[in-house]
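This report refers to the structure that appears directly beneath it.
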Amino acid sequence: MTLIEKLDESAAYIRSRIGSRKPELAIVLGSGLGDLADSLEDAAVIDYHDIPHFPVSTVPGHKGRLVTGMLEGRCITCMQGRFHYYEGWSMQECVYPVQTFRRLGIEKLFLTNAAGCVNTDWKPGDLMIITDHIKLMGDSPLRGANPDELGPRFFDMSSAWDPEAREAALKAAGECGIEVRQGVYMLFGGPQFETPAEIRMARILGADAVGMSTVPEAIAASQMGMKTLGISCLTNMGAGILKQKLNHEEVLETGERVKATFTSLVRKIIAEWK
Ligand code: HPA
């Protein structure tokens with residue numbers, strides 16, 4: 001079976017479950033934002049493991065559901081749980097849901113995540129609109145045969161992070177009275193946090209934040225001509241910036257502390273990003 005045939009089977013199954021709902025935007029909910037999916041009205045909830053060909057997380061306690069319904073007057077679909085490279089998925093597998101969304105007719109992709117802060121002028125709890133990214137890892141989600149139905153083999157990435165979407169996000173933040181940062185996200189494979197030397201390298205190369213997700217999805221979306229917006233919750237300073245050691249608890253604690261602000265910003269953007 002070809003990738004396109006698989007994607008179309010996945011999309012057909014989702015369509016059969018969401019009925020007359022026509023999502024125009026897909027959002028990937030990063031750490032701390034998962035609850036947003038529970039606020040959707042008239043929601044159709046689909047477990048990833050029911051969708052043919054979808055990757056299925058085997059990590060206990062990992063929610064893996066696609067929730068489609070209304071939020072802020074818009075029909076959206078939410079990924080409650082994403083696939084990370086560090087879990088052992090290939091980059092191709094990590095982007096399979098995004099490719100399915102495009103086959104479903106969705107043209108806007110909103111990616112959220114938790115990230116480490118590399119910019120020493122900023123602090124944990126800051127929210128950052130992704131203006132661009134750096135992927136030093138050699139792998140790509142599009143490595144291998146290219147089905148032309150998805151998009152061109154070689155394509156431009158200069159507007160991968162959609163300028164209009166970023167404008168809309170900035171305006172939404174202003175209206176909510178939320179201060180946001182704008183900067184460059186650099187992908188690391190994880191699952192270990194970076195070394196202090198890697199964080200210094202990231203800063204020298206022009207990164208403001210580091211993280212373990214989001215970039216593969218943005219690459220796949222860009223190939224398919226989707227408009228992509230990304231917002232990072234900077235949950236901790238990158239390794240070596242402060243004396244204290246990094247730990248996952250700090251990531252979760254900051255995520256929890258900023259959750260209400262992040263959620264109101266995401267809602268406002270969903271309402272206004274047309
Ligand atoms: N590094 C990579 N990914 C992360 C971090 C970090 O410091 N914090 C949250 N996600």
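For the single chain, residues carry numbers from 1 onward in sequence order. Order of listing sets the numbers, starting from 1, for every ligand and every atom in it.
Take F54 and apply the ring pair (Phe, Tyr, Trp, His ring centres under 6.0 Å) test, not counting sequence neighbours, and it matches Y48, Y96.
For the side-chain hydrogen bond (donor to acceptor under 3.5 Å, both in side chains) with H53, the qualifying choice from E9, K6, E93, E5 is E9, the only one to do so. For the side-chain contact (heavy atoms from CB on, under 4.5 Å) with S222, the lone residue among M157, E217, K227 that qualifies is M157. Each of T100, I51, D8 was scored for a side-chain contact (heavy atoms from CB on, under 4.5 Å) with Y13, with one residue passing: I51.
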What short N/O contacts, under 3.5 Å, does ligand 1 make with the protein, listed by atom pair and distance?
from: ligand 1; atom 1: 1 (N); to: E194; atom 2: OE1; distance (Å): 2.8
from: ligand 1; atom 1: 1 (N); to: E194; atom 2: OE2; distance (Å): 3.3
from: ligand 1; atom 1: 7 (O); to: N236; atom 2: ND2; distance (Å): 2.9
from: ligand 1; atom 1: 8 (N); to: G116; atom 2: N; distance (Å): 3.4
from: ligand 1; atom 1: 8 (N); to: N236; atom 2: OD1; distance (Å): 2.7
from: ligand 1; atom 1: 10 (N); to: A114; atom 2: O; distance (Å): 3.4

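In summary, the side chains of N113 and S232 do present a donor paired with an acceptor at a separation below 3.5 Å, with no hydrogens or angles considered.
Using a 4.0 Å cut-off between charged side-chain N and carboxylate O, E175 and K268 make a salt bridge.
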